[in-house]
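Numbering of ligands and ligand atoms starts at 1, following listing order. Throughout, numbering of the chain's residues begins at 1 and tracks the sequence. In this text the structure is predicted, and so the values were computed from the model without any measurement.
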Amino acid sequence: MTKKTLYIYDSLTRKREVFSPLDPPFAGLYVCGPTVYGDAHLGHARPAVTFDLVFRYLKHLGYKVRYVRNITDVGHLENDADQGEDKVLKKARLEQLEPMEVVQYYTDRYHTDMEKMNVLKPSIEPRASGHIIEQIGMAQAILEAGFAYEVNGSLYFDVQKYNREFHYGKLSGRSVDDMIAGTRQLDGQEEKRHPADFALWKKAGPGHIMRWPSPWGEGFPGWHLECSAMSAKYLGETFDIHGGGMDLLFPHHECEIAQSKTAFGKDSVRYWMHNNMVTINGQKMGKSLGNFITLRELFEGRHKALSKAFEPMTIRFFILQAHYRSTLDFSNEALEGAEKGLRRLLQGMETLNRLETSETSSVDVTPLPDKCHDAMLDDFNSPMAIAHLFDAVKSINSIKDGQATINESDLELLRNTFFEFVVDIFGLTPQTATDETHHKKIIHGLMDIVLDLRQHARRQKDWDTADKLRDALQKLNIIVKDGKEGAGWEFE
Ligand code: ZN
């Protein structure tokens, strides 16, 4: 176990705090995952990469991390104030699909996108619809504690009562009075005693397919309940870190705090972490603004704001180049810059394999590992650590050009540090989709050559060579098929 002190900025106390997990070496991390009714976009990539970095670095420090990232497949309505249609249900209606088909389809695509970006799989990926019993149990506990009321088959959280005893708005800095002033009276809100109240359970209307039995009749859980119920189930009633995008501060996480406090009688989360938002050319991203870019559009260059396709690793590097608490402005130029930067970094790492050593070093590289760790220990300051690595790339290039020297042990230190940070902690690998295509091209080209040689041998009646080639290919699971049109091949 490391003795290094990790500082985390806690969104609740608004201070840098020393990270001391409840039960070291175990560390619990819960992050709000996507609502699966569409392809992942930049707004999904940022929290995924940010908390992948947190996950990787905590493990690197020696913690045994249980990382839970949920899939929201029910209960997330179009409007955060319990209004509108369920997002998944609406998509299913428009596409004439079973809601769980929509969920499966977009979950699979999300996984593919995340894999391309080298985002590690979480330890547990629970779905809201698979935890209805836990959510009903939690709603029941809140009701029994006296902080919820039932109206016509729906259950609402009593924010006013909660606020008299505790403090509703402590995370987002909002006051309940402001909330009344800021809330329009919406249709269907008349069931609530107070506009700031939120649904724990909603009665399913006729035709609402996603419905489950409950003590209050058939219905579905409110969006905020799933994260409180599932984090408690897998990480305990109190756990270390809860993360998500800043857009979830209110109402989602504020409601989670109120739910846990009333159901369990305590605060669940020890450190709240929020990544800042993504803007595009300085503007908020949104479907209606026409600047909404999905990851697939980025990977394929299919968007009017893009001049070309960008590698998933470039997107990852671009996200890591900003501190997670700063806003991140996407633009074609910024991505081109990230592409160049990543290439320079990876080339620098590659050059380390080809440097010649001298008796002495004229560059001082020994402080590099500590500098990089100090940056990461200071609230995961990835841009600072990357800047240190870029300084080292300058030294590497001057050694390559014969303007500086390095001895064996310093070179070893550089290699280890680059591998540790670039590959292990930042998850940046030269393995990209383009490499894959490139490799495929090479395999096909080589196979053409091999089959040509074999064809030539057969024409010469050199059966021995022809059979040798066929057998050798078979060992690689490549099957050669002789036909009238010449030989073809396929993988077994
Ligand atoms: Zn959540």
Side-chain angles (χ1 to χ4, degrees), residues 10-12 28-38 40-41 43-52 54-55 66-82 86-88 103 106-107 110 114 119 122-132 134-139 142 157 168-172 198-202 220-264 267-277 324:
D10 182 356
S11 317
L12 183 70
L29 171 64
Y30 186 93
V31 175
C32 295
T35 303
V36 282
Y37 68 104
H41 52 73
H44 293 108
R46 195 168 192 198
V49 171
T50 296
F51 292 101
D52 185 53
V54 171
F55 182 34
R66 184 178 295 164
Y67 176 19
V68 184
R69 189 188 64 205
N70 70 305
I71 293 282
T72 296
D73 59 357
V74 64
H76 195 173
L77 305 187
E78 286 175 285
N79 178 304
D80 282 341
D82 304 323
D86 183 297
K87 290 181 180 187
V88 170
V103 167
Y106 287 111
T107 303
Y110 178 74
M114 290 304 119
V119 169
S123 327
I124 305 173
E125 193 174 47
R127 281 189 189 182
S129 67
H131 296 76
I132 300 295
E134 289 81 355
Q135 294 180 74
I136 290 172
M138 188 150 182
I142 297 168
F157 190 94
Y168 186 78
K170 67 177 178 176
L171 180 67
S172 58
F198 58 90
L200 296 169
W201 187 263
K202 288 275 274 185
F220 56 95
W223 171 40
H224 315 303
L225 199 54
E226 61 175 277
C227 290
S228 295
M230 296 190 295
S231 60
K233 177 170 173 121
Y234 296 114
L235 298 173
E237 290 179 3
T238 304
F239 61 96
D240 297 310
I241 303 173
H242 191 319
M246 241 171 63
D247 52 330
L248 297 177
L249 266 173
F250 187 87
H252 189 53
H253 291 162
E254 200 73 73
C255 296
E256 279 188 44
I257 290 176
Q259 288 169 162
S260 302
K261 188 84 179 173
T262 48
F264 309 134
D267 286 316
S268 281
V269 178
R270 290 161 59 82
Y271 307 89
W272 281 97
M273 283 182 76
H274 290 92
N275 65 271
N276 211 319
M277 297 288 84
Y324 75 90

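Excluding waters, the set of protein N/O/S atoms under 2.8 Å from the Zn ion (ligand 1) reads Cys32 SG, Cys227 SG, His252 NE2.
Between His224 and Pro251 the shortest side-chain heavy-atom distance falls below 4.5 Å. Met138 is listed as a side-chain neighbour of Gln259, based on a closest heavy-atom distance under 4.5 Å.
Minimum heavy-atom separation, Leu248 to Cys32: CD1-CB, 3.5 Å.
Between Phe198 and Tyr168, the ring planes are parallel. Angles under 30° get that label, and only those over 60° would be called perpendicular.
Aromatic ring centres of His253 and His274: separated by under 6.0 Å.
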Given His131 and Tyr234, is the ring-ring contact (aromatic ring centres under 6.0 Å, His included) satisfied, shown in steps? CA-CA 11 Å; His131 296 76; Tyr234 296 114; 5.5 Å; yes
